[in-house]
Amino acid sequence: MDFLQLLSCACIIFTVGMFTTGLTDLKKMKATQSADNVQFLPFLTTCLNNLGWLYYGLLKGDGTVISVNIIGACLQTLYIITYCHYTKDKRRVFSQTLTMVSVLCVGWVYFTVVIPSGEAQLSQLGLACSVFTISMYLSPLTDLLDIVRNKSVERLSFSLTVATFFTSTSWTLYGLQLHDYYIMVPNTPGIFTSLIRFFLFWWFGAIIPNKSSYKLVQI
């Protein structure tokens, strides 16, 4: 097995592992028969991100990107359906889901009808997916500022931080090996944000000894 195949396996294993962290929320909803204290938007945005990268993988013919994002989209769809079943605020969930579907439709028309097929289509799709992925990695930074102010890491998920670090690192190296900057660049911020979280666990983890520092919470 060469280095690229090893990286491909690592990308699949770590990314699917990160996607399955949502099973904790799924079990919680099933046990309580409620979607309270579970965030819906991360499921929706991750599903949208998966579908965008799936299209990119199909256009490029990259089996690793295709496999990971098929699994991711299926899992996120399962989380979305479960949330819709248990939530009391179905109107809000429906409007957010409708917005996502509208974005998908507009994106599909733009990238399949407006943009001619070929290198331009792949480049513009890769750029759009990269920007969206970077925004997802950087979105929790406001929560990190709250953690610094409160000097508590109980809102952070240690297991999710570990999964994000290894996932981001494997995809960054995978993109580097393929000379695909649309894969490499958007995953680099995930490494840095994970390192910041590790530092916060190290710095604040011992400050509150009577509380669980690694409470699993979706952020």
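No hydrogens, no waters, no symmetry mates; every other heavy atom, side chains included, goes into these values.
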Given V106 and F111, is the side chain to side chain contact (heavy atoms under 4.5 Å, CB included) satisfied, shown in steps?
CA-CA 9 Å; V106 171; F111 287 112; over 6 Å; no

Is there a donor-acceptor contact under 3.5 Å linking the side chains of D36 and S34?
yes

Student check: side-chain heavy atoms of I183 and V65 closer than 4.5 Å:
yes

Kindly indicate whether the side chain of L195, heavy atoms from C-beta on, has any atom under 4.5 Å from the side chain of I191.
yes

Transitive ILVMFWY side-chain link I81 to M100, under 4.5 Å
no

Do T133 and N187 get their side chains close enough for a donor-acceptor pair, meaning under 3.5 Å?
no

How long is the straight-line distance from OG1 of T82 back to CZ of F43, given to the nearest 0.5 Å?
8.5 Å

What's the shortest heavy-atom distance between S168 and Y137, and which atoms?
OG-OH, 3.1 Å

For K90 and H85, work out which heavy atoms get closest and say how close.
NZ-O, 3.5 Å

For F192, is the CZ atom crowded, meaning more than 12 foreign heavy atoms sit under 6.0 Å from it?
no

With no hydrogens and no angle check, just 3.5 Å: does a side-chain donor-acceptor pair link N50 and Y55?
no

Do the rings of Y56 and W53 sit parallel, tilted or perpendicular, given the 30° and 60° boundaries?
perpendicular

Nearest heavy atoms of P42 and Q76, plus distance in Å:
O-OE1, 4.5 Å

Taking atom NZ of K27 as the centre, report whether more than 12 heavy atoms of other residues, nucleotides or ligands fall under 6.0 Å from it.
no

Between atom CD1 of I13 and atom OG of S8, what is the distance when rounded to the nearest 0.5 Å?
9.5 Å

Taking all heavy atoms of N49 and all of C129, pick out the closest pair and write down the distance.
OD1-O, 4.1 Å

